[in-house]
Chemist: 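Right, I'll just put the structure down here and ask away after.
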There are 2 protein chains.
Amino acid sequence: MHFGEMGSRWGFNRTVGQIYALLVLSETPVNANTLGETLGVSRGNVSMAIKELQAWRLVKVQHYPGDRKEYYQPLGTIWDMASTVFDERRKREVDPTLSLLRDILMQAQDNHDDDYALQQMRDIHDLLDMFMRWADELQSLGPDKLQALMKLGSGAIKVLNLKDKLLGDKTETDKQ
Amino acid sequence: MHFGEMGSRWGFNRTVGQIYALLVLSETPVNANTLGETLGVSRGNVSMAIKELQAWRLVKVQHYPGDRKEYYQPLGTIWDMASTVFDERRKREVDPTLSLLRDILMQAQDNHDDDYALQQMRDIHDLLDMFMRWADELQSLGPDKLQALMKLGSGAIKVLNLKDKLLGDKTETDKQ
DNA sequence: CTGAACTTTCAGAAGTTACTGAAAGTTTAA
DNA sequence: TTAAACTTTCAGTAACTTCTGAAAGTTCAG
């Protein structure tokens, strides 16, 4: 189905995406053979996909008495999933980029032959860093409050405008 | 460099990422030959990468009198870049997923044999949809206000708490 | 122990994506 | 026109990713 393709942009391959989709949509836990047969992929492939889903902390295993097979189930809610994937990708993609940028900026301290590039990197670093801190804060709110905040939506903007009017132009630093 | 790898997760390949990084870091426009030589890739590859960057509306072309080569420059600020990439990916990845989900949900109207799966899909659809609407609102704020909002950070949460206390429990619908 | 019921691993095959470079296309100056 | 100075295209190849399935590993009941 189409869900697999989506998955490839979230950092895992088609089979992993499809298996996860099946698990999420199934009310009861599913075993590896059934997954393989349903999707038409080999047993080995299913095993590797499950392994990866476990590395992402996205599935848990169930056992039924009198049956030695492992039955898989998604771990946590849709929110947990989104949150976990966000964490993992951050750890794998963003954090290394931020520290690379920091290293370059440190080493170039008093080397003035490429001020422009350094300033660009500083800007990117600061933007990414600010965004990530914000994302952390939002994530730490938990689903309920975050959802409320999203629904509030443009309401938050009104608060912001109000604050500006009350406090003057403090935050309006970088018009372009 | 490491920037290329980052790019591959943003929907384009290594060379495209590297070329864009070079352009962003260069104060003056750069021509295709220089790009190719600097990165050690073929002229043809540079041409295709530039074509892709143009499809993403991320570069513009400059000409110098007495020189027929095309000189490339990033189009817009870092913020514009982030914003453009977000738009494009949304159009390519999220929108199709949302409409697929909607189609399935419509067609399954009064088919009760898989209520659980349908409910899961509805949840995912609603979460994704809410998130995207929110992202739209934030994006339409423009860089200055968005930055202010991010810096406000946990302040917004206090506002939210205050609102809850004043208005009662209206928004607290889905505890888990 | 033994062997049946499983899961995991991994070498090689299949499939996919990216890159090269020669050829074709475009533009402009003379 | 012509030809020089470029850019684009694309068939073939290289590099990478994913998948298969047989073999090895694990667990457990008898």
Side-chain angles (χ1 to χ4, degrees), chain A residues 1-23 29-56 58-73 89 92-93, chain B residues 1-23 29-56 58-73 89 92-93:
Chain A
M1 211 211 301
H2 176 217
F3 285 103
E5 275 78 297
M6 191 80 200
S8 71
R9 296 293 171 179
W10 284 83
F12 36 71
N13 69 31
R14 219 173 55 106
T15 307
V16 174
Q18 293 185 127
I19 286 185
Y20 189 62
L22 269 187
L23 294 180
V30 185
N31 66 48
N33 291 331
T34 310
L35 290 170
E37 284 156 24
T38 311
L39 297 173
V41 302
S42 73
R43 192 49 242 281
N45 196 1
V46 172
S47 183
M48 309 227 291
I50 294 286
K51 194 178 164 193
E52 180 146 15
L53 286 170
Q54 280 166 336
W56 285 79
L58 287 172
V59 290
K60 67 181 168 198
V61 182
Q62 273 267 310
H63 284 277
Y64 291 108
D67 185 347
R68 290 209 202 150
K69 290 190 216 62
E70 307 205 298
Y71 288 76
Y72 304 98
Q73 239 187 330
R89 294 218 42 189
R92 297 176 192 200
E93 306 288 331
Chain B
M1 211 211 301
H2 177 217
F3 284 104
E5 276 78 295
M6 192 79 200
S8 72
R9 297 292 172 181
W10 285 85
F12 35 73
N13 69 31
R14 219 174 54 108
T15 307
V16 173
Q18 293 186 127
I19 286 187
Y20 189 61
L22 269 188
L23 295 179
V30 186
N31 66 50
N33 290 332
T34 309
L35 290 170
E37 283 156 25
T38 311
L39 298 173
V41 302
S42 72
R43 193 49 245 280
N45 196 2
V46 173
S47 183
M48 310 225 294
I50 294 286
K51 192 178 164 194
E52 180 146 16
L53 286 171
Q54 281 167 335
W56 286 78
L58 287 172
V59 289
K60 65 182 169 197
V61 182
Q62 273 266 311
H63 283 279
Y64 291 109
D67 185 348
R68 290 209 202 152
K69 291 190 215 60
E70 307 205 299
Y71 287 77
Y72 304 98
Q73 241 188 325
R89 294 217 43 188
R92 298 174 191 199
E93 305 288 331

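In what follows, chains carry the letters A, B, and so on, assigned in the order in which the sequence lines appear, proteins first and then strands, with residues in each chain numbered from 1.
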Chemist: Please report, rounded to the nearest Å, how far the C1' atom of C:dT8 is from the CG atom of A:Asn31.
Modeler: 16 Å
Chemist: Output side-chain donor-acceptor pairs under 3.5 Å for residues 47-54 of chain B, partner residues at least two apart or in another chain, one line each.
Modeler:
| residue | atom | partner | partner atom | Å |
| --- | --- | --- | --- | --- |
| B:Glu52 | OE2 | B:Trp56 | NE1 | 3.4 |

Chemist: Which nucleotides of nucleotides 18-30 of chain C have their base under 4.0 Å from a protein heavy atom (B), which only their sugar-phosphate (S), and which neither (-), written as one string 5' to 3'?
Modeler: SSBB-----BBS-
Chemist: My understanding is that only residues two or more places apart in sequence, or in another chain, count here; which of them pass side chain to side chain donor-acceptor pair (under 3.5 Å) with B:Tyr72?
Modeler: B:Glu70
Chemist: Report the distance from atom CD of A:Gln18 to atom C1' of D:dT18, rounded to the nearest whole Å.
Modeler: 12 Å
Chemist: I need the CG-P distance between A:Leu39 and D:dT20, as an integer number of Å.
Modeler: 10 Å
Chemist: From B:Gln18 CD over to B:Asn13 CG, what is the distance, rounded to the nearest 0.5 angstrom?
Modeler: 9.0 Å
Chemist: B:Ile19 pairs by side chain to side chain contact (heavy atoms under 4.5 Å, CB included) with which of B:Thr38, B:Leu58, B:Val46, B:Val59?
Modeler: B:Val46
Chemist: Measure the OH-CG distance between A:Tyr71 and A:Leu23 for me, rounded to the nearest 0.5 Å.
Modeler: 13.0 Å
Chemist: Given D:dT9, is OP1 or OP2 found less than 4.0 Å from the side-chain N or O atoms of B:Lys51?
Modeler: yes
Chemist: Measure the distance from NZ on A:Lys69 to P on D:dA29 and round it to the nearest whole Å.
Modeler: 15 Å
Chemist: Output the distance between atom CG (A:Asn31) and atom CG (A:Asp67), rounded to the nearest 0.5 Å.
Modeler: 7.0 Å
Chemist: Between the opening five pairs and the closing five pairs of the helix from C:dC1-D:dG30 to C:dA30-D:dT1, how far apart are the helix axes, to 10°?
Modeler: 0°
Chemist: My understanding is that only residues two or more places apart in sequence, or in another chain, count here; which of them pass side chain to side chain contact (heavy atoms under 4.5 Å, CB included) with B:Gln73?
Modeler: B:Pro29, B:Lys60, B:Gln62
Chemist: Mind checking side chain to side chain donor-acceptor pair (under 3.5 Å) for B:Ser42 and listing every partner two or more places apart, or none if nothing turns up?
Modeler: none
